[in-house]
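Lettering of chains follows the sequences in order, A, B, ..., and the numbering in each one begins at 1. The structure displayed is predicted, hence computed values, not measured ones.
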Amino acid sequence: MSSISGQPQFRYTQPPSKVIHLRNLPWECTDEELIELGKPFGTIVKTKCNVGANRNQAFIEFADLNQAIAMISYYASAAEPAQIRGKTVYLQYSNRQEIVNNKVTADAASNVLLVTVEGVEAGDVSIDVLHLVFSAFGFVHKIATFEKTAGFQALVQFSDSEIASSAKNALDGRSIPRYLLQEHVGPCTLKINFSAHTDLNVKFQSHRSRDYTNPYLPVAPSAIDIAGQDGTKQEPESNVLLASIENMQYTVTIDVLHEVFSAFGFVQKIAIFEKNAGFQALIQYPDIQTANIAKQALEGHCIYEGGFCKLHLTYSRHTDLNVKINNDRGRDYTGGNIGTMSNQPSLLGPQPVPTPSATIHSYNSIPYPAISNGVSLPQVPQAAASWDIRSGAMAPLPVQLRNQSLPPHLHSQPFPPHLHNQMHIRHVAPPGVAPHMMPLPGQRSQQLLFPPPQPYGR
DNA sequence: AGCACA
């Protein structure tokens, strides 16, 4: 009986509400005019104007339902209709019970991004992976992650909104590269908005949040506890990895290690030594995050095919190796940090290891980064003498790193040149970063972003 | 002249 076909949805009567819906308002009606109209009937707690496609609707919310009823009742039988600037406005109860605070901010650019990772469960995407992905666009100051009904979300803080915009433009709607994810994890599509935040309040380094500008921030007790619950003793994270090698049938030189570990970022220093336990090596990265990635990717994998030279990685207690001279026991690739800005530590090594320029090429539409070619043909005299790497002996890498070609979205989205520049600048002097934490040459961060699928050749 | 914002 009430609503029959042909009639529009709006019924003649709305159930009463403290909120009154106004329509046919004059152009650019103000909140003050709404208040003038409504205040004879009661206390107005909120108004909202310029609503709707034509921006000629509005809401008035009274403190009390009876006040709204008074206004509607009055104009239902008043001689003069409600008017603003001489224009008749039509009133009815709103179908909402309150005016909800609206953020008309319309995605104002911010240095902080709100990232929603679709299609994942908690723990599918680590904070390190997010850091890796977003670091391609500039120094990431902080990351905070949280779980909501909407799913897994993260706030990613950059230096400024320009960098954040670059990241948003490049990554919104795209997916995290498969090889950065565990196999069981489905496609992780990123939905990115600007956050209203400008500075995240990260109190601890934990599995949920990181402050990359403050290396001295304490590690959250919760993070330690969780590690302990696994029953696995967990040494404190470090930028230096301790590698012990099992079943070392073939010589493992510093050069081989350098190539293997360079796939994940700039290797600053390497030292090798014999212990009664066997062969061990220390590999120093610029930061813990890079070490993390390398550790996760390489742990338990063999340098050579056939189960030879199996890597076991733990965090070293060192943070900065003391390599006095470059020889077959120790190597410093940092070039003594003299202001040459050289990004080519590999030049210090004896063999032509992939250069940063080759790395940059990997961001163009080459399915397999140039670096993998470089690494696949390592000229390592010592190793070659005992084991012909070029014959395909080196291979067993994590499946995630081997079998995946770069995702299409990454091919199609080479980072614009200006980004490289920006990134470089940002990396040179990220505010508040202790010198030893300073991210290394921008190109290295890019390399970091997408480790080559085939670091070892065949 | 007919219901926003998240």
Given atom [atom1] of [X] and atom [atom2] of [N], what is their separation to the nearest angstrom?
{"X": "A/H21", "N": "B/dA4", "atom1": "NE2", "atom2": "P", "value": "8 Å"}
{"X": "A/L91", "N": "B/dG2", "atom1": "CG", "atom2": "C1'", "value": "13 Å"}
{"X": "A/Y93", "N": "B/dC3", "atom1": "OH", "atom2": "C1'", "value": "16 Å"}
{"X": "A/L22", "N": "B/dA4", "atom1": "CG", "atom2": "C1'", "value": "13 Å"}
{"X": "A/N24", "N": "B/dC3", "atom1": "CG", "atom2": "C1'", "value": "15 Å"}
{"X": "A/D31", "N": "B/dA4", "atom1": "CG", "atom2": "C1'", "value": "13 Å"}
{"X": "A/I20", "N": "B/dA4", "atom1": "CD1", "atom2": "P", "value": "17 Å"}
{"X": "A/Q97", "N": "B/dA6", "atom1": "CD", "atom2": "P", "value": "21 Å"}

Given [options], identify the nucleotide with an atom nearest to the side chain of [X].
{"X": "A/V100", "options": "B/dC3, B/dA1, B/dC5", "value": "B/dC5"}
{"X": "A/N54", "options": "B/dA4, B/dC3, B/dG2", "value": "B/dG2"}
{"X": "A/R23", "options": "B/dA4, B/dC3, B/dA1", "value": "B/dA1"}

**OP:** Identify whether the distance between the nearest side-chain nitrogen and carboxylate oxygen of A/E118 and A/K191 falls below 4.0 Å.
**Re:**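 Yes, charged N to carboxylate O under 4.0 Å.
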Original post:
Quick one: do A/D211 and A/K203 make a salt bridge, cutoff under 4.0 Å?
Top reply: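 Looking at A/K203 together with A/D211, the answer is no, because their closest N to O distance does not fall below 4.0 Å.
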Subject >> Position toward the 5' end of DNA chain B (nearest nucleotide), A/E98 or A/Y90 >> reply: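 Between the two, 5'-proximity favours A/Y90.
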Original post:
Closest nucleotide of DNA chain B for A/L25 versus for A/V19: which of these residues is on the 5' side?
Top reply: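 Taking each residue's closest nucleotide, the earlier one in sequence belongs to A/L25.
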**OP:** For A/F59, check ring pair (Phe, Tyr, Trp, His ring centres under 6.0 Å) against everything at least two apart and list the hits.
**Re:**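 For A/F59 the ring pair (Phe, Tyr, Trp, His ring centres under 6.0 Å) partners, ignoring immediate neighbours, are A/H21.
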Original post:
Parallel, tilted or perpendicular for A/Y333 and A/H258, by the 30°/60° rule?
Top reply: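 A/Y333 vs A/H258 ring planes: parallel.
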**OP:** Describe, in one word, how the ring planes of A/Y74 and A/F41 are oriented to each other, choosing from parallel (under 30°), tilted (30 to 60°) and perpendicular (over 60°).
**Re:**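 Correct class here is tilted.
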Subject >> Within residues 60-88 of chain A, residues whose heavy atoms come under 4.0 Å of DNA chain B >> reply: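 Heavy-atom contacts with DNA chain B come from no residue of residues 60-88 of chain A; none.
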Subject >> Any donor-acceptor N/O pair under 3.5 Å between B/dG2 base and A/Q57 side chain >> reply: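 Check fails, no donor-acceptor contact within cut-off.
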Throw together a table of side-chain donor-acceptor distances under 3.5 angstrom for residues 60-71 of chain A, partners on residues two or more places apart or in other chains.
residue: A/E61; atom: OE1; partner: A/I99; partner atom: N; Å: 2.7
residue: A/D64; atom: OD2; partner: A/N66; partner atom: N; Å: 2.8
residue: A/D64; atom: OD2; partner: A/N66; partner atom: ND2; Å: 3.4
residue: A/Q67; atom: OE1; partner: A/T43; partner atom: N; Å: 3.1
residue: A/Q67; atom: OE1; partner: A/A63; partner atom: N; Å: 3.4
residue: A/Q67; atom: OE1; partner: A/D64; partner atom: N; Å: 3.2

**OP:** Please check if the distance between the ring centroids of A/Y212 and A/H141 is under 6.0 Å.
**Re:**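 Centroid distance A/Y212-A/H141: not below 6.0 Å, so no.
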